[in-house]
Amino acid sequence: MDLQSGDSGIGSPDSQKVPKSAEGKSKKPVENHLNGTPNNVSHKHSGHKHHHKSSSGDKHKDPNRHKHDKHGGDKPREHSSSAEKIKDPNRSSGEKHSSSKHKEHSSKPKDPNKPSKDHSSKPKDGHHSADKHKHGSEGKHKSSGDKHKERHKDGSAKHSSDKHRPDKVRKEGGSSSSKPKSSGEVKVKTEPGVSEKGSSPTKLVIKKEKDGSQPAVKKEPQDSDDDVPLAMRAQGEKRAHESDSDDEPLAARAEKKKIKKEKPSAEAVARKRKAESDDDDDKPIAKPKPKKKKGKEEKATPEKGKKKAKKEEPEVWKWWEEGPREEGVKWKFLEHKGPVFAPAYEPLPDSVEFLYDGKPMKLSEETEEVAGFFGRMLDHDYVTKDAFRKNFFHDWRKVMTPEERKVITNLDKCDFRQMDVYYKQKSEERKAMTKEQKQEIKKQNEATVEEYGFCNIDGHKQRIGNFKIEPPGLFRGRGDHPKMGMHKKRVRPEDVIINCSKDSVYPKAPPGHKWKEVRHDNSVTWLASWSENIQGSIKYVMLNATSRLKGEKDWMKYETARKLHKCVDRIRAQYREEWKSKEMRIRQRAVALYFIDKLALRAGNEKDSDEAADTVGCCSLRVEHINLHREHEGKEFVVEFDFLGKDSIRYHNFVAVEKKVFKNLQLFKENKSDGDDLFDRLNTTILNKHLQDMMEGLTAKVFRTYNASNTLQQQLQLLTNSEDSVAAKILSYNRANRAVAILCNHQRSVPKTFEKSMSNLQAKIDKKKEDIKKSRKEYKGLKADYKHKRDAKTAGMLERKKKQMERLEEQLMKLEVQATDKEENKEIALGTSKLNYLDPRISVAWCKKWEVPVEKIYNKTQRDKFAWALDMADETFEF
DNA sequence: CGTCAAACTTAGGAAATATACG
DNA sequence: CGTATATTTCCTAAGTTTGACG
C-alpha cells in the first residue's frame with residue numbers, strides 16, 4: 001500500500017482560548033507524520049455492529065463522565081494559539097516517500113514516516129469549537145446509572161470491588177466543585193478558512209520564515225545496517241571489551257539475548273564487591289567534595305586514576321563502557337543509610353489559636369497538625385472546592401480525639417486564619433534570615449545529603465534520587481481528583497521496607513523504631529519502599545538519573561526506539577492493511593495504533609473513576625472525546641479530539657485522517673453514546689501484546705519516544721542554517737524541541753510574570769534600537785569629520801565607533817531572537833521532552849556538528865544525566 | 001482473560017537558587 | 001548590594017508495562 005501522502009493535518013489544536021475556566025490547558029498538539037493516504041477505500045465493513053465491550057463491562061462507564069472540569073485545580077490553562085506557529089512539526093517531509101513505505105521492512109529509510117502533515121494551524125482566530133463537549137460541563141449526558149459509591153473509605157486502601165466497573169458512574173456531578181466549569185467553552189469553531197496552513201508538507205514552520213517547504217529531511221545516510229551505534233564504536237577502542245563482538249551495542253546485546261555476562265563484567269563485579277567493603281576507592285566515587293556540585297566538572301579520566309590531586313573531582317564512572325549486567329539482576333551489592341524521615345511536627349505556640357465557632361479551642365497535637373495543613377493553604381484555590389473540603393474534614397475528624405470530634409462537626413465553623421498567618425510569618429522569617437544563617441542551613445543540608453544521599457552499589461558510590469520520605473500533608477491530586485484534600489499520613493519507620501545486600505551494613509531505623517522489613521531483593525532497583533495511604537500504591541526510594549541503573553535503562557529505551565525506526569514502515573503498512581480487517585478488534589487495534597503513531601497519544605490504561613480524575617489515553621478514549629467532521633476548514637475527514645490526558649492536561653486537536661480511518665471511526669461510534677468506549681474491543685494489554693509480536697521490546701510508549709526523537713532529528717536538519725550565529729542556531733534547536741513538545745502535548749501554564757517579562761524584554765530591545773540609532777548617527781558624524789581632517793586620531797575613533805555599532809547590532813539580534821523564542825514558548829514546556837523523549841545523542845551530535853557548546857542545550861544536571869551520550873556520540877550519530 | 005499489584009517512567013508546578021538588574 | 005527575574009531543583013502525582021494469580 002502505499003500511502004500516499006495525504007495530508008493530514010494537524011489541526012492545530014485548538015488552542016484557542018478557552019475560557020479559562022473551563023478546561024484546563026489545552027493546547028494544541030500536532031500530529032506527526034503519516035499522512036494519509038488517499039485511497040479511499042471503503043472498507044468493508046465487517047463487523048460492525050455493536051460492540052459491546054463485553055467483558056468487563058465496564059466499559060460503560062458512566063455516562064456522566066464528563067465532568068471533568070479540568071483540573072480542578074485551579075488553573076486551567078489554556079492556551080491558544082500558539083500552536084499555530086508551528087505547524088507541523090513533525091514529520092516532515094520525509095515522508096514523502098510514501099511509497100516507499102511499503103515495503104515492509106524497513107530499510108531504514110530514514111524517514112519513515114511521516115508524511116505530511118502539516119496542518120495548518122489554525123486559525124487564527126480560532127477558537128474552535130471545542131466546546132462541544134466540553135468536558136467540563138456537566139451536562140451532557142445522562143447519568144444513568146449511577147451508582148455512586150461512596151467513597152469514603154478512608155483512604156485506606158483501595159477497596160475493591162465494588163468499584164468495578166459497570167457503571168461506575170462517575171460521581172455525579174453535582175457536587176461540588178464541579179462548579180461548572182464554566183461551561184465549556186464554547187468556542188465557536190472557527191471557520192475554516194483561515195489561515196494559513198501551509199500546505200507544505202510538513203515542516204514546521206514556525207511562523208516566519210522557515211517553512212520550508214521542502215520536504216526535507218533527508219537523511220540519507222542511513223546506515224545500513226550497521227547500526228552499530230557509533231558510540232559504541234568509538235568507545236570500543238578504549239574499552240576492551242573486545243571480546244564480545246562489539247558490534248552490537250550493548251544495548252542491543254542486552255536486549256536480545258541476555259548474553260552471557262562477559263568476563264569483564266564479571267570480574268569487574270568481583271572487584272567491586274570487594275572494593276565495597278573498604279570503600280570504594282576504586283571506583284570512583286565521588287567523594288564528598290567540598291564544593292559540591294558546582295565545582296566539579298568532572299570528567300576525569302576513565303581510569304581511576306587516583307588523582308588524588310583532589311580538587312578535581314573524582315571522576316565519574318563511565319559505566320557505559322562496562323559490559324552488560326546479568327539480566328534480571330540489578331545489583332550484587334547494595335548498601336545505604338536508609339531514607340530520611342520528615343521532621344517531627346512542631347506544635348504551634350499558644351499564641352496561635354484555632355477558633356471553632358468563634359471561640360478559641362486548644363487542639364490535640366495530631367488534630368492541630370492536620371488542621372495546620374489546611375490552615376496553611378487557606379489562600380489556595382482548592383480550599384474552596386467541595387470535594388477538597390469534604391475529604392479533608394472527613395479525614396481530619398478521624399485523627400481527632402473523641403472530645404474534639406464531638407465539638408467539631410462543621411468545617412464552616414472552623415477558623416484557621418491565625419495558623420495561616422503564623423505559617424506565612426514563619427516563611428517570611430526564613431526568607432529574612434541572614435546570610436550566615438542561610439549558610440548554616442545549607443551546610444546542614446549538604447551534610448544530610450552526604451550521609452543519606454548516596455549508596456554504594458556494586459562498589460560505586462551513586463546518588464540516590466529521593467532519599468527523603470514524603471512528608472504528611474493534604475493530598476492534592478491533579479485535575480478533578482476525587483480524593484483531593486484527603487490526609488496523607490506521616491510515614492513511620494515501621495511502614496518502611498528496606499532493600500539492601502545481606503552482607504551490607506544495614507541502615508539503622510531511627511532510635512526507638514524498627515523497619516517494617518529488611519529484604520535483599522536484587523531483582524529490583526529500589527532501596528526502600530512504603531505504601532501510601534491515599535491510593536494504596538507503593539512509593540520507592542530509587543537512584544538518581546545519573547546512576548548506572550537509570551542511565552543504562554534510559555539508553556536502552558532509545559535503542560529500542562531506534563530499532564522501531566528500522567521497522568516502522570512494516571508496522572505502518574500492516575496497520576493500514578488492518579483498517580480493512582473483517583474483525584472489529586483488529587480494526588480497532590489498527591486505528592488506535594495509527595493514533596498512537598501519528599499523534600503520539602499515550603496508551604491509555606483504564607482507570608477507576610473513584611480513585612482518580614477522569615482522564616484518558618488512546619485505548620480509553622470514549623465516544624464523546626472524538627467528533628467527526630466530514631469537512632473542516634477545507635479539509636476532508638477531520639477528527640476532532642478533545643479530552644483530558646495525563647495530569648488532566650487537555651488535548652484538543654483537529655486532525656485530517658484518511659478516509660478509511662474516518663469510516664472506521666464512524667463505525668466504532670455507531671450505536672454508542674457518550675460514556676461508551678470508542679475502542680470497546682481493545683485495551684492496552686491487547687495492544688501491547690500485539691506490538692510485542694511485531695517487534696521485540698515494542699510497546700505503545702516506544703512510539704512516543706521514537707516519534708519524538710525522530711521529529712527532533714528531522715527538524716534540526718530542516719531548521720539549522722550553517723551561516724547562522726550560535727544564538728540563531730540555538731533558536732532553531734529550541735524550535736525543533738518545541739515541535740516535539742507540541743507533538744507530545746507538553747504544556748505549561750503561562751508563567752505568572754510572562755507578560756511583564758515580555759514587556760521588559762521589549763523595552764530592552766527598544767532601548768537597544770535607540771542606542772544603535774544614536775551610534776549610527778555619531779558614526780556618520782565622525783565619518784564626515786574624517787573626510788576633512790583625515791588624521792589618525794579620527795580614523796581611530798571612526799574605527800572604534802564602527803565596532804561599537806556592530807556590537808550593538810549583534811546584541812539587538814540576540815535580544816530579538818530571545819524575544820521570539822520566549823513568545824513561542826509561552827505555554828509550551830520543553831523540559832519534559834528534552835528529559836524523557838529526545839535521544840540525547842541527537843542533540844550532542846548536533847552540537848558537535850554545528851559547534852554549539854553543549855552547555856547551551858543542556859545544563860549541568862542534564863549533562864550529568866546524559867553523560868553517557870555526551871561521551872559516546874559524535875557528530876555522525878544518527879538516530 | 002480480567003484483576004491486581006509491583007516497579008519504574010513521565011509530568012507539571014512549587015520552591016529554592018542563581019543571575020540579572022538598577 | 002538588595003531586589004526582580006530567570007533557571008534549576010525538588011517534589012510527588014499520574015502514567016505505562018509486566019507478571020502473578022485464579
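Protein chains get the first letters and strands the later ones, always in sequence-line order, with residue 1 at the start of each. These figures come from a predicted structure and were not determined experimentally.
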Revision key, fill the gap. From CG of A/L682 across to C1' of B/dG2 the rounded distance in Å is 15 Å
Practice item. Pick base, sugar-phosphate or nothing for A/K435, based on heavy-atom distances below 4.0 Å to the nucleic acid. Key: nothing
Check your understanding: If only side-chain N and O atoms of A/Y837 are considered, is one of them under 4.0 Å from the OP1 or OP2 phosphate oxygen of B/dA11?
Key -> yes
Review point. Quick one: is A/Q535 getting a side-chain N or O under 4.0 Å of the C/dA14 phosphate, OP1 or OP2?
Key: yes
Exercise for review: Examine B/dC8: is either OP1 or OP2 under 4.0 Å from a nitrogen or oxygen in the side chain of A/T525? Give yes or no.
Suggested key: yes
**Study point:** A/I596 CD1 - C/dG15 P separation (whole Å)
**Key:** 15 Å
Exercise for review: Determine: side-chain N/O of A/K756 to OP1/OP2 of C/dT5, distance under 4.0 Å, yes or no.
Suggested key: yes
Point to revise | 5' priority, DNA chain C, between A/E532 and A/Q862 [closest heavy atom] | key: A/Q862
Review point. Quick one: the side chain of A/K646 and the base of B/dT10, do they pair up donor-acceptor inside 3.5 Å?
Key: yes
Revision key, fill the gap. Rounded to whole Å, the CG-C1' distance (A/D608 to C/dG15) equals 15 Å
Check your understanding: Does the side chain of A/K468 get closer than 4.0 angstrom to OP1 or OP2 of C/dT12 through an N or O atom?
Key -> no
Review point. Within the structure, does a side-chain N or O atom of A/N605 lie under 4.0 Å from either OP1 or OP2 of C/dT16?
Key: yes
Exercise for review: Starting at atom CZ of A/F388, determine the distance to atom P of C/dA13, rounded to an integer number of angstrom.
Suggested key: 12 Å
Study note, to complete from the structure: Result for 5'-nearest mapping on DNA chain B, choosing between A/W526 and A/N683, is A/N683
Point to revise | side-chain contact (heavy atoms from CB on, under 4.5 Å) between A/L543 and A/R463, worked out | key: CA-CA 6 Å; A/L543 297 183; A/R463 188 96 199 262; over 6 Å; no
Exercise for review: May I ask you to say what A/T615 touches in the nucleic acid, namely base, sugar-phosphate or nothing, with a heavy-atom cut-off under 4.0 Å?
Suggested key: sugar-phosphate
Point to revise | For atom CZ of A/F467 and atom P of C/dC10, their distance in whole Å | key: 8 Å
Practice item. Please check the phosphate of B/dC8 (OP1 and OP2 only) for any side-chain N or O of A/K701 closer than 4.0 Å. Key: no
Revision key, fill the gap. A/E470 meets the salt bridge (Lys or Arg N to Asp or Glu O under 4.0 Å) criterion, sequence neighbours left out, with A/K488, A/K539
Check your understanding: For the side chain of A/K557 and the backbone of A/N836, is there at least one donor-acceptor N/O pair under 3.5 Å apart?
Key -> yes
Exercise for review: Looking at every strand, decide which applies to A/K431 at a 4.0 Å heavy-atom threshold: base, sugar-phosphate, or nothing.
Suggested key: nothing
Check your understanding: Atom NE2 of A/H746 and atom P of B/dT9: how far apart are they, to the nearest Å?
Key -> 16 Å
**Study point:** Residue-phosphate contact under 4.0 Å: A/T699 side-chain N/O, C/dT17 OP1/OP2
**Key:** yes
Review point. Which part of the nucleic acid, if any, lies within contact of A/G645, taking any heavy atom under 4.0 Å across all strands shown: a base, the sugar-phosphate backbone alone, or nothing?
Key: sugar-phosphate
Practice item. Verify the contact: side-chain N or O of A/K330 to OP1 or OP2 of B/dA7, cut-off strictly under 4.0 Å; return yes or no. Key: no
Review point. Does a side-chain N or O from A/N688 land closer than 4.0 Å to OP1 or OP2 of C/dT17, or not?
Key: yes
Review point. Rounding to a whole Å, what distance do you find between A/D647:CG and C/dT16:P?
Key: 11 Å
Revision key, fill the gap. Side-chain contact check for A/R602: nearest option of B/dC8, C/dG15, C/dT9 is C/dG15
Check your understanding: Between C/dT12, C/dT9, B/dA20, which nucleotide gets closest to the side-chain atoms of A/N859?
Key -> C/dT9
Point to revise | Phosphate OP1/OP2 of C/dA14: any A/H481 side-chain N/O under 4.0 Å | key: yes
Exercise for review: Dump the intermediate steps for side-chain contact (heavy atoms from CB on, under 4.5 Å) on A/L687 and A/L682, then the final yes or no.
Suggested key: CA-CA 7 Å; A/L687 179 65; A/L682 181 71; 4.2 Å; yes
Point to revise | Closest to the A/I538 side chain, choosing from B/dG13, B/dA7, B/dA20 | key: B/dA7
Point to revise | Of A/K557 and A/Y540, the one whose closest DNA chain B nucleotide lies more 5' | key: A/Y540
Exercise for review: Tell me whether the guanidinium CZ or amine NZ of A/R562 lies under 6.0 angstrom from the six-membered ring centre of A/Y706 and within 45° of its axis.
Suggested key: no
Exercise for review: Report the nucleotide, chosen from C/dT16, C/dA6, B/dA11, that has the shortest atom-to-atom distance to any side-chain atom of A/A603.
Suggested key: C/dT16
Review point. Nearest nucleotide by nearest heavy atom, which residue falls closer to the 5' end of DNA chain C, A/G617 or A/T861?
Key: A/T861
Review point. Looking for any heavy atom pair under 4.0 Å, which part of the strands does A/R704 touch: base, sugar-phosphate only, or nothing?
Key: sugar-phosphate
Review point. Under 4.0 Å between a side-chain N/O of A/K553 and OP1 or OP2 of B/dC8, yes or no?
Key: no
Exercise for review: Report yes or no: is the cationic atom of A/R863 (NZ for Lys, CZ for Arg) under 6.0 Å from the centre of the six-membered ring of A/Y858, at an angle within 45° of the ring normal?
Suggested key: no
Check your understanding: Using a cut-off of less than 4.0 Å, is there contact between a side-chain N or O of A/T685 and OP1 or OP2 of C/dT18?
Key -> no
Review point. Which part of the nucleic acid, if any, lies within contact of A/K689, taking any heavy atom under 4.0 Å across all strands shown: a base, the sugar-phosphate backbone alone, or nothing?
Key: nothing
**Study point:** Flag for A/K822-A/S757: side-chain donor and acceptor within less than 3.5 Å
**Key:** yes
Exercise for review: Report yes if at least one side-chain N or O of A/S537 is closer than 4.0 Å to OP1 or OP2 of B/dA5; otherwise report no.
Suggested key: no
Check your understanding: Can any side-chain N or O of A/T615 pair as donor or acceptor with the backbone N or O of A/D647 at less than 3.5 Å?
Key -> no
Exercise for review: Send over the distance from A/Q818 CD to C/dT7 C1', rounded to a whole Å.
Suggested key: 13 Å
